[in-house]
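Numbering of ligands and ligand atoms starts at 1, following listing order. Everything numeric here is computed off the predicted structure, so don't read it as measured data.
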Amino acid sequence: MAPMGIRLSPLGVAVFCLLGVGVIYHLYAGVFSSRLAAFRQRRKVDLRDLLALSVEAAVLGGKEVKKVREENDLKERSKGKTKEGANELLTMGDLQSHRKMYNLMRNTFPEVTVNSEERDDVVDKTITWSRNIPTDIAKKIQGGKDVPVESVTVWIDPLDATQEYTENLLKYVTTMVCVALEGKPVLGVIHQPFTGLTAWAFVSQGANVQPRSSYSLTPPKVIVSRSHSGDVKAFVHNAFGNSTPIVEAGGAGYKVLSLLDMHTSENMDQADVYVHITHIKKWDICAGQALINAMGGHLTTLKGENINYSDTPLNTGGLVASVGVDHKALLEKLPKLDSEKH
Ligand SMILES: *[C@@H]1O[C@H](CO)[C@@H](O)[C@H](O)[C@H]1NC(C)=O
């Protein structure tokens, strides 16, 4: 008589085991992935730390910008032409500054998204944050302003006004860092390596710059780009009248500073409104918008739309920036642009 029992074939055992693994996986995978999500969500960053880091990055990049200019070894080359035919330059100043600024950001907060105007593969783990909170920031801003890392987008411009940099028109040159929260600029730093000035702002918390006491709209003094300014001049005269004073300048960072109270800097231009009618990249304007918003001003497309700083780098709607005036009234004066052309 054969003993009682279940005879297991090897195939049966294999199928049974696989089923078992499947059931266990099913039971635990859900738990595991929600734990992981919760762990990710708990990753926070203090905005005051990010502000201090942004200032440090802008200053560090600025040192490279200055060094390359002083050594007179720019190695400039063209990155190609913009849609408007302007030559886009890249120099060693842009590149060295990018390497410092980008690596400093990445090494300090590896999970934060960082968009830089320049791109290269040099990884330098030795560049680390001092963790120093500058006195003026510590005085005006309280710590503990934690936000989830995934809501943050950082925009870096390692050298704004490269054309002017090569021409030795150095007051226009800036390095910039911007922090956007869910696409909205909250922290902005604009540093002028050749004057040593660093402007910073934390929207609705504090800044080390302030608006001027008065601005004119009848007519405004309008600041525009000094390269390919033909069309924008016609646009400005069309909007505010033919006698409207126009200042031509280099660099989006510089143009934003010209709207503020820069009494410490003698050879800064002063303007009431900043207008740009062609495409512009978000690392050129994000820090400026943070500063302007912190002053109670506005920076929008020519149609008055908000610019979202959590998506693609290109802003196609032009821009108009103002502080201390009725921005809506300003927008209403602007002529309609042929959207095909721009
Ligand atoms: C920007 O776009 C993202 C993704 O679509 C959205 O979540 C965010 O609220 C937008 N931010 C602003 C300021 O419009």
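- Of the N and O atoms on the side chains of Thr316 and His279, not one donor lies less than 3.5 Å from an acceptor on the other residue.
- Geometrically, ligand 1 and Lys184 share no nitrogen or oxygen pair separated by less than 3.5 Å.
- Using modelled atom types and a 3.5 Å distance limit, the side chains of Ser130 and Glu56 yield a donor-acceptor pair.
- Here the protein heavy atom with the shortest distance to atom 12 (C) of ligand 1 is Asn308 ND2, 3.4 Å.
- Defined by atom type and a distance below 3.5 Å, a donor-acceptor pair is missing between the side-chain atoms of Trp129 and Asp49.
- Residue, atom and distance of the protein heavy atom nearest to atom 9 (O) of ligand 1 are Glu182 O, 4.0 Å.
- Atom 4 (C) of ligand 1 has Ser310 OG, 4.2 Å as its closest protein atom, hydrogens excluded (heavy atom only).
- Under the 4.0 Å criterion applied to side-chain N and carboxylate O atoms, Asp269 and Lys171 are assigned as salt-bridge partners.
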